[in-house]
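Down below is the structure, laid out as structure tokens.
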Amino acid sequence: MNKKIGYLIALAIAVAAPFVGYPVFLSKLLCFALFACAFNLLIGFTGLLSFGHAAFFGMAGYVAGNALKHWGLPFELGVLSGVAAGALIGLVMGALAIRRQGIYFSMITLALAQMVYFGALRAGEFTGGEDGLQGVPRGRLLGVVDLSNDTTLYFVVLGICVLAFALIVRTVHSPFGQVLKAIKENEPRAISLGYDVDKYKLLAFVLSAALAALAGATKTVVLGFETLTDVHWTMSGLVILMTLVGGMGTLAGPMIGAIIIIALENKLGDWGTLLARVTGIEWFNTIGEAVNMVVGLIFIICVLLFRRGIIGEVIALAGKKKPV
């Protein structure tokens, strides 16, 4: 019951947010929150550390952007084409990577993702190369609802993210999700019980890739462009950081981590200017240039003081054992 109340409160805050904050930035937060939740499904509940999720996130954005801008597809098909592309890339990468375990699995995903990155860099006609894919139109939802309005688009993105999060929750608590947890806790025992572990790993990998692709495709529509940054390995590192800061293996943790990290990246300079004005300390005006240092400091603090992540520590203090 407490979890349901918490979700309802979070949903109420999300519904009220665009009337207080900037809808485009809030939509971006939602997209990264979904990205982190998709990654957490793989590492937090299956125990597979992927360094290649940027490939799904970024390439889905390119495919969706081209579908909307050059292929003339409507909003729904444009986003779904990005999801399909991410799932297909995930199927290929997963089929190759699950042949190995541990750090070898992680390194294979990183190597394959970098191949995707260099492919995107070379395919300038499709991706725009270093200039990126610009001027992606938003289109209309179901051919009726005009998405050019930022607030309207925000609520569409919120609906997409709520449905995707509901799917993740249902997956985690389903028999399929219980098998994934068993694989994470003790893979040899899961094998001895007769489960085809490789098949379950591959399904989890593809599902995680598809959800990450949904986040990437939606973000491209929100911002109207796609760049190489989203397909670079640093994006994979960023989503790992979001998950660890928020709480790996919890349902709400990655969302909190994504909100914190993205808010810092985008608003730290404004906060520094405000602090400089209030305190009179000129140094705060330059803090926006030290985003990576601040994020790194937060990561160190979390590793030293919040080993389970923010939400994980809250659960531990509350004496609960189940993820929220």
Side-chain angles (χ1 to χ4, degrees), residues 34-64 67 79-123 126-127 164 167-168 170-172 174-217 230-233 235-237 239-240 243 248:
L34 175 57
F35 185 29
C37 288
F39 176 76
N40 183 57
L41 179 63
L42 191 65
I43 187 175
F45 296 101
T46 314
L48 298 176
L49 174 58
S50 167
F51 285 131
H53 263 54
F56 320 131
F57 185 74
M59 287 308 298
Y62 281 123
V63 172
V79 172
L80 287 176
S81 64
V83 173
L88 180 60
I89 296 173
L91 178 62
V92 174
M93 286 179 58
L96 295 173
I98 61 171
R99 299 170 184 269
R100 296 292 182 265
Q101 296 180 343
I103 190 63
Y104 301 105
F105 170 88
S106 301
M107 290 299 100
I108 290 174
T109 59
L110 175 61
L112 293 173
Q114 282 301 95
M115 290 175 62
V116 173
Y117 167 76
F118 286 113
L121 180 62
R122 294 293 182 182
F126 181 77
T127 64
L167 174 62
I168 292 173
R170 182 68 187 91
T171 300
V172 168
S174 69
F176 173 74
Q178 298 307 309
V179 175
L180 296 183
K181 293 179 183 178
I183 293 173
K184 177 188 176 184
E185 294 297 328
N186 195 323
E187 185 173 332
R189 179 173 293 180
I191 294 174
S192 69
L193 291 174
Y195 291 109
D196 188 344
V197 170
D198 286 346
K199 182 182 74 174
Y200 279 93
K201 284 182 179 180
L202 182 58
L203 288 173
F205 195 95
V206 173
L207 179 57
S208 178
L211 290 170
L214 177 60
D230 287 344
V231 78
H232 194 254
W233 69 266
M235 183 59 70
S236 295
V239 76
I240 294 173
T243 305
M248 183 178 68

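No experiment lies behind these values; they were computed from the predicted model shown. Throughout, numbering of the chain's residues begins at 1 and tracks the sequence.
- Shortest non-hydrogen contact noted between A38 and A212 is CB-N, 3.5 Å.
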### Task
Could you give me the CA-CA distance, side-chain angles and deciding distance for L121 and T127, then say whether side-chain contact (heavy atoms from CB on, under 4.5 Å) is met?
CA-CA 7 Å; L121 180 62; T127 64; over 6 Å; no
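- Taking both residues in full, the closest heavy atoms of G86 and A213 are given as CA-CB, 3.7 Å, listed atom of the first, atom of the second, then distance.
- Annotation: salt bridge (Lys or Arg N to Asp or Glu O under 4.0 Å) contacts involving residues 188-199, sequence neighbours excluded, are absent.
- With sequence neighbours excluded, the residues satisfying ring pair (Phe, Tyr, Trp, His ring centres under 6.0 Å) with Y195 are Y200.
- Residues passing the side-chain contact (heavy atoms from CB on, under 4.5 Å) test with A84: none are found, sequence neighbours excluded.
- Counting only distance, with no hydrogens or angles, the side chain of E185 and the backbone of L180 share no donor-acceptor pair below 3.5 Å.
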Solution key, residues 39-62 side-chain donor-acceptor pairs under 3.5 Å, sequence neighbours excluded:
residue, atom, partner, partner atom, Å
N40, OD1, G249, N, 2.9
N40, ND2, T250, O, 2.8
T46, OG1, L41, O, 3.2
S50, OG, G52, N, 3.1
S50, OG, H53, ND1, 3.2
H53, NE2, S208, OG, 2.7
Y62, OH, T227, O, 3.3
Y62, OH, L228, N, 3.2

### Query
Under the side-chain contact (heavy atoms from CB on, under 4.5 Å) criterion, do L167 and L211 qualify, and how do the steps go?
CA-CA 10 Å; L167 174 62; L211 290 170; 4.2 Å; yes
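- The two residues Q178 and V172 have their closest heavy-atom pair at NE2-O, 3.3 Å.
- Residues V63 and V83 are not in side-chain contact: their nearest non-hydrogen atoms beyond the backbone lie 4.5 Å or more apart.
- In the displayed structure, M107 atom CE is contacted under 6.0 Å by more than 12 heavy atoms of other residues, nucleotides or ligands.
- Across A190 and V197, no two heavy atoms sit closer than the pair CB-CG2, 4.2 Å.
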### Query
Would V179 and F176 satisfy side-chain contact (heavy atoms from CB on, under 4.5 Å), going step by step from the backbone distance to the final call?
CA-CA 5 Å; V179 175; F176 173 74; 5.6 Å; no
Per-pair distances, 0.1 Å, donor-acceptor, side chain in residues 93-102, under 3.5 Å, sequence neighbours excluded:
residue, atom, partner, partner atom, Å
R99, NE, A95, O, 3.3
Q101, NE2, E187, OE2, 2.9

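- Among residues two or more places apart in sequence or in another chain, the ring pair (Phe, Tyr, Trp, His ring centres under 6.0 Å) test is passed with Y104 by none.
- Rounding to the nearest 0.5 angstrom, the gap separating the OG1 atom in T243 from the CE atom in M248 is 9.0 Å.
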